[in-house]
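To keep things clear, I will list the structure first and then write my remarks on it.
Start at 1 with the first residue, then count along the sequence. Below, each value reflects all heavy atoms present in this structure, side chains not excepted, and no hydrogens, waters or symmetry copies.
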Amino acid sequence: MPKNTSLMARRHLREADALKHLGQFDAAERLYRRILRLDPQSFEAAYQLGLVAEKKGFPDRAAHFHRRAIVHNRRYAPPYLRLGQIYELNNDFYKALMAYGEYLLRIPKSVSGDAYLRFARMLTLLEQDEMALPFYLQSLEFMPADATTYFLLAETLQNRGDLDGALECFMALGKINPIALPLISFFMGYLLEKNGEYTAALKCYDQALEHPGQLQIWKLKRDLAYPLIMQSREEIEAFEKKLKKVLFDFRFALLKNPLSPNNQNHYYFSMLQLNIVHIAYHHYNPLPLRREFAELLPQFLPPVNLPAWQPRSHAGHLIHLGLICAPKSLNMAFAYAGALFNELDPSRYRITVFCHSPKVSQIFNPQNRYCFNHPNASYRVISRDYAEAAKQIRAEELDLLMFTEPSWDSFQYSLSSLRLARAQGTSWMNPGTTGMPEMDYFFSSELMERPGAESDYSETLVKFKTLPSHLPLYPFPEDPVSRSDYGLEGVKRLYSCPQTLLKFHPDFDPIVAEILRRDPEGHLALLATKQQGQLCDILLKRFQTTIPDVMDRIWVLPEMPVPDFLGLLRVSDVVLDPLYYGGGTTTYQAMAYGIPIITLPTERMVGRITSALYKKMGLTDTVATDPENYIQLANRYAMNPELRAGIVEGTLAQSILFEDRAIIAEFSEFMEDVVAGRRTPRSN
């Protein structure tokens, strides 16, 4: 390039940079384009055009110019970072990871803290937790007091199931970064609480709160904490009263000292939500607490500028259904909600599935047994930013948005606080009511709800005559299996209760003990995931106190793949349904094999699923009427092989419980009423 042309390009570059700095983006863009005409290889002008395109809201154009800058100077680092951010916003995590990695290779480490965090976060989203850990730690070298990094690090360490290692990591960080000690103490408390170590968690929270000027939300987290494994019914009732008071007092305090809605508080909110959802295991009505908590939500969320809801005219349109799923439970979301949508009349319905991860494509893969093949079904990968995701969903003009598990998933819970569709609902993947004012319907069944159950819900309770799902019938392996495969050789009679350990209410202990006392050759098998090591220890310590005489016949098996889990069911004589919060998927699986399940239906839906499935089949022989009857039925079926041999529920379950066509007609009628205005969502 001639020298004069080069000088002119450099002068224009300085002028354009000044215009961009003043916010005159159109004028700056014209100059940058002129530079590229003078010098087509000007990587700086290409990069700046990319930044201007980002400012003006054109990410695809921005990515084009950033890539052009890289082509002309592969050593120039900034375009890699910007490209990574664009890919990340588009949920293309692999490309984002590659771009951030290229950036880190090219810049001085002294300015790369944010990039290390971004790189680590992409690894986490790609489920590479082990690889992510050193990059989170590297990020903290440069940003020693960044709350977001500590939150993501805590979640990653929790996923490994190594609490001791996680705590050692945080303690080492405290020595390196003493300025961040309050933050580190807080997140150590969070890790301990999630692992059931309540007393130790309180000590860490208190240490964090000793420092002046700490967030009021930290105190709320501390005051909402409780032992995940309770020792007695009295302890459960005491904490119920405490939680009600804490939420009431906090709401009152906000009148004087309101929170600043921002993304950091949104992170903290997701930590608080666990305390509210886990009360489902405690056998009291969760509605008052969940409703109180829902009223706090606006204090935590950044504002979303959505226009007032105006439902479209439905004339001439297909009924548009939306399904929002969490990335970790896509198959279950399809089984319990998507499979029903998949069977609806394509001449009347279209379906859009929303998820903030590209993994949603797996339930559109024909090789997956949980797969949409509806001709009008599609998916959309939405932003991980809840405000942007809300706008994306609202733009679809949905007639119904089904939230699969809003109480478990904080992303769904945040979105459910907004009016995103004509009607919004959830169903039995959620542990009862959400308490959310914008949630219109809870889909359940007459088979599952007691008379008067409407009072348990903030939503309008829709009680279908059949069960509210069209669960797919999948293959049930029949390969030979024996108890010795599970280290249980020599066990004459096996009772299994392969549920999450959080379902073991203290009231269930004496029932379990009496079953084993009356059957001296009986053994009980439980399961614990790798994340539940401490919870398992706490539960077994409780058993040592409450039922010590049968402890030697209680076995805890490790988490196992689905085929092995199904094998465990097959070698069991009887499956025990936990008291108050029974089985769901496990119940379907055991019934499909004809394994008797002993259940005692209780007040709320989460304790009535197994009995509802038996009602659907017209079989109630193993549905107990009281705790004594539960014990008798468990012993009778375990100790009587002839009685078990006469069980026909396996054949009935596979023909009646799975792929139930009756729900399709019922749900279609419900939706026709919604779009015709014969059913009015209560919060519109």
Side-chain angles (χ1 to χ4, degrees), residues 113 117 133 136-137 139-231 235 238-239 242-243 245-247 249-250 253-254 257 259-260 262-276 278 296 299-300 410 531 533-535 537-538 541:
L117 174 59
L133 278 175
Y136 282 124
L137 297 173
S139 174
L140 286 171
E141 285 190 26
F142 307 106
M143 302 185 298
D146 184 71
T148 299
T149 306
Y150 282 106
F151 175 83
L152 295 171
L153 176 62
E155 292 289 290
T156 303
L157 291 167
Q158 164 72 16
N159 291 339
R160 296 175 68 199
D162 179 8
L163 178 61
D164 292 338
L167 294 175
E168 287 175 8
C169 176
F170 273 95
M171 286 188 285
L173 285 170
K175 294 177 181 177
I176 297 169
N177 303 324
I179 191 174
L181 274 174
L183 200 60
I184 291 169
S185 296
F186 178 81
F187 280 102
M188 286 178 67
Y190 174 59
L191 276 173
L192 287 161
E193 184 189 352
K194 285 185 72 174
N195 283 275
E197 301 282 359
Y198 171 68
T199 303
L202 288 190
K203 289 180 180 178
C204 287
Y205 287 144
D206 288 340
Q207 288 172 5
L209 291 167
E210 285 175 2
H211 298 262
Q214 299 309 322
L215 301 177
Q216 63 192 107
I217 198 170
W218 287 12
K219 186 175 187 307
L220 177 60
K221 177 60 180 167
R222 186 254 187 236
D223 292 344
L224 286 177
Y226 53 79
L228 295 183
I229 300 289
M230 297 281 193
Q231 299 302 307
E235 186 179 30
F239 273 100
K242 178 188 174 184
L243 294 179
K245 185 177 187 306
V246 167
L247 290 176
D249 290 348
F250 185 77
L254 287 177
N257 188 16
L259 284 171
S260 173
N262 55 46
N263 287 324
Q264 179 173 284
N265 281 342
H266 199 182
Y267 270 119
Y268 285 127
F269 159 74
S270 69
M271 299 162 67
L272 297 170
Q273 189 179 348
L274 292 174
N275 299 94
I276 303 304
H278 282 148
L296 292 176
Q299 298 287 337
F300 296 95
S410 61
Q531 292 85 8
Q534 279 69 30
L535 291 174
D537 291 343
I538 294 167
K541 286 178 183 177

*asked:* According to side chain to side chain donor-acceptor pair (under 3.5 Å), who are the partners of Lys242, at least two apart in sequence or on a separate chain?
replied: none
_Counterpart residues, side-chain contact (heavy atoms from CB on, under 4.5 Å), relative to Asp537 (two or more places apart)_ = none
_Restricting to side chain to side chain donor-acceptor pair (under 3.5 Å), what partner residues turn up for Asn257, sequence neighbours left out?_
Gln216
Indicate every side-chain donor-acceptor pair of residues 170-189 with a distance under 3.5 Å to a residue at least two apart or in another chain.
{"from": "Ser185", "atom 1": "OG", "to": "Leu181", "atom 2": "O", "distance (Å)": "3.0"}

*Pair listing, side chain to side chain donor-acceptor pair (under 3.5 Å) test, anchored in residues 145-154, at least two apart*: Asp146-Thr149
*Got a sec, which residues hit salt bridge (charged side-chain N to carboxylate O under 4.0 Å, His left out) with Asp206, two or more places apart in sequence or on another chain?*
Arg222
*Given side-chain contact (heavy atoms from CB on, under 4.5 Å), test Tyr190 with Gln158 step by step and report yes or no.*
CA-CA 10 Å; Tyr190 174 59; Gln158 164 72 16; over 6 Å; no
*Hey, are the side chains of Ile538 and Leu228 touching, using non-hydrogen atoms and a 4.5 Å cut-off?*
no
_Ser139 to Leu117 - nearest heavy-atom pair and separation_ = OG-CB, 3.4 Å
*Contact check, side chains of Leu163 and Leu192, non-hydrogen atoms, under 4.5 Å*: yes
_Residues that Asp223 engages under salt bridge (charged side-chain N to carboxylate O under 4.0 Å, His left out), provided they are two or more places apart_ = Lys219
*asked:* Tell me every residue that passes salt bridge (charged side-chain N to carboxylate O under 4.0 Å, His left out) with Asp162, counting only those two or more places apart in sequence or in another chain.
replied: none
*What residues form a ring pair (Phe, Tyr, Trp, His ring centres under 6.0 Å) with Phe250, not counting sequence neighbours?*
none
_Pairs involving residues 189-203, ordered by first then second residue, that meet salt bridge (charged side-chain N to carboxylate O under 4.0 Å, His left out) (sequence neighbours left out)_ = Glu155-Lys194, Glu193-Lys221
*Side chains of Leu137 and Cys169 in contact at under 4.5 Å (non-hydrogen atoms)*: yes
*List the atom of Thr156, the atom of Leu152, and the distance in Å for their closest heavy-atom pair.*
OG1-O, 2.8 Å
*Does Phe269 have any ring pair (Phe, Tyr, Trp, His ring centres under 6.0 Å) partners at least two apart in sequence or in another chain, and if so, which?*
Phe293, Phe300, Tyr413
